[in-house]
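For reference, the structure is listed below as structure tokens.
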Amino acid sequence: GIDVGVDGGTHTIEVSGNTVESNLDTNILVTASGAAVVELHIDDNVVNGGALTTVNEGIRVEFSGGSIMNDSSINGNTVRNHGGDGTQLLFDASTVNTLEVNANTMDFNARNGLNFIFTDSPLNDLTIADNPSFSINGADGINFDMDNSNITGMLIDNNGFAPPPPPPP
């Protein structure tokens with residue numbers, strides 16, 4: 001898989017155009033802590049889990065310790081067949097400023113297609129739009145768990161929840 005971590009400082013991280021197959025751990029993992037300021041782009045990747053029995057996420061983003069996400073995107077990814085969430089975004093004592101989650105397909109995951117978990121973390125300007133499919137997931141297509149976190153400016157629009165085509169062989 002792909003594992004990128006930063007602790008403090010200002011960073012631009014781009015994870016784009018990759019194919020990641022059947023990793024038993026999280027396939028794409030990005031972590032930020034220590035007041036890091038990050039512009040993150042996870043775009044146009046194919047992430048196939050290969051099995052629903054291993055609890056893992058296709059894409060996992062973890063921000064903690066006062067880190068800040070600015071002008072970021074998770075767009076155009078295909079995330080399927082994971083034992084956990086297709087994409088999981090965890091924010092603990094962090095700030096999110098402008099995040100777009102658009103044009104993704106997140107199907108056949110044992111838990112949620114897209115799972116946001118916020119603890120003591122404000123969210124400013126989130127767009128979840130034009131995703132063709134959040135279907136056949138074990139729980140929700142899109143899930144929010146918010147604990148002591150405020151949302152300012154959110155758009156969820158034009159997302160598909162109809163049955164997708166059969167999973168790849």
Side-chain angles (χ1 to χ4, degrees), residues 1-18 20 23-47 49 54-79 82-106 109 111-131 134 137 139-157 159:
I2 298 169
D3 186 341
V4 179
V6 296
D7 184 16
T10 301
H11 308 273
T12 299
I13 299 171
E14 184 172 330
V15 180
S16 299
N18 300 288
V20 183
N23 185 15
L24 295 177
D25 201 355
T26 297
N27 288 296
I28 296 176
L29 173 64
V30 177
T31 59
S33 62
V37 177
V38 178
E39 179 180 331
L40 174 63
H41 301 283
I42 301 175
D43 302 324
D44 302 314
N45 297 286
V46 175
V47 185
T54 302
V55 178
N56 64 344
E57 280 74 41
I59 298 171
R60 182 177 172 118
V61 174
E62 296 179 25
F63 275 56
S64 63
S67 55
I68 299 171
M69 175 187 279
N70 287 330
D71 301 319
S72 296
S73 64
I74 299 175
N75 294 331
N77 299 289
T78 299
V79 183
H82 291 88
D85 296 317
T87 297
Q88 185 178 81
L89 299 132
L90 288 100
F91 299 96
D92 186 1
S94 299
T95 301
V96 179
N97 297 313
T98 310
L99 173 60
E100 294 182 353
V101 182
N102 300 326
N104 297 286
T105 298
M106 298 188 192
N109 298 295
R111 291 192 290 202
N112 302 292
L114 178 59
N115 191 10
F116 290 92
I117 302 169
F118 286 86
T119 304
D120 300 317
S121 299
L123 168 61
N124 304 300
D125 195 18
L126 171 65
T127 301
I128 303 172
D130 301 316
N131 295 286
F134 283 116
N137 292 295
D140 296 315
I142 302 172
N143 182 66
F144 284 89
D145 288 326
M146 309 291 289
D147 183 13
N148 197 33
S149 300
N150 295 323
I151 298 175
T152 304
M154 178 168 43
L155 172 67
I156 300 176
D157 186 45
N159 296 291

(message) Assess the residue pair Arg60 and Val30 against the criterion (side-chain contact (heavy atoms from CB on, under 4.5 Å)); give the C-alpha distance rounded to whole Å, side-chain angles, the decisive distance to 0.1 Å, and a yes or no.
(response) CA-CA 6 Å; Arg60 182 177 172 118; Val30 177; over 6 Å; no

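- Of all heavy-atom pairs spanning Pro122 and Ser94, the tightest one is CD-O, 3.3 Å.
- Using a 4.5 Å heavy-atom threshold, the side chains of Met69 and Val38 count as separate.
- Between the OG atom in Ser121 and the CG atom in Asp92 there is a gap of 6.0 Å [rounded to 0.5 Å].
- Atom CE of residue Met154 and atom OG1 of residue Thr127 lie 10.0 Å apart, to the nearest 0.5 angstrom.
- In this structure, CG in Leu114 is found 7.5 Å from CD1 in Ile74, a value given to the nearest 0.5 Å.
- The closest side-chain heavy-atom distance from Ile2 to Val20 is below 4.5 Å.
- A distance of 10.0 Å separates CG of Asn112 from CD1 of Ile142, quoted to the nearest 0.5 Å.
- Of the possible polar contacts, none joining the Thr78 side chain to the Val46 backbone as a donor-acceptor pair under 3.5 Å is found.
- Rounding to the nearest 0.5 angstrom, the gap separating the CD atom in Glu100 from the CG atom in Asp71 is 9.0 Å.
- Between the side chains of Ser73 and Asp43, a donor-acceptor pair is found at a separation under 3.5 Å.
- Proximity of a side-chain donor or acceptor of Ser67 to a complementary backbone N or O of Gly65 within less than 3.5 Å is not detected.
- For the side-chain contact (heavy atoms from CB on, under 4.5 Å) with Phe144, the qualifying choice from Ile156, Leu89, Asn115 is Ile156, the only one to do so.
- Contact check for Val61 versus Ile42: side-chain heavy atoms found under the 4.5 Å cut-off.
- Within the 4.5 Å cutoff, no side-chain heavy atoms of Thr87 are placed close to those of Phe116.
- The two residues Gly8 and Ala36 come nearest to each other via the heavy atoms N-CB, 3.6 Å.
- For the residue pair Asp7 and Ser33, a side-chain donor N or O sits within less than 3.5 Å of a side-chain acceptor on the partner.
- No side-chain heavy atom of Asp147 sits less than 4.5 Å from a side-chain heavy atom of Asp145.
- With Val37 as the fixed residue, the side-chain contact (heavy atoms from CB on, under 4.5 Å) test singles out one of Thr12, Val6, Thr10: Thr10.
- If you take OG1 on Thr152 and CG on Asn97, they are separated by 9.5 Å, rounding to the nearest 0.5 Å.
- Using a 4.5 Å heavy-atom cutoff, the side chains of Leu126 and Leu155 are not in contact.
- Put simply, the side chain of Asn104 gets close to the backbone of Asn102: a donor and an acceptor are under 3.5 Å apart.
- At a threshold of 4.5 Å between non-hydrogen side-chain atoms, the residues Val101 and Leu99 count as touching.
- Phe118 places none of its side-chain heavy atoms less than 4.5 Å from the side chain of Leu90.
- The two atoms that bring His41 and Ser72 nearest to each other are CE1-CA, 4.2 Å, heavy atoms only.
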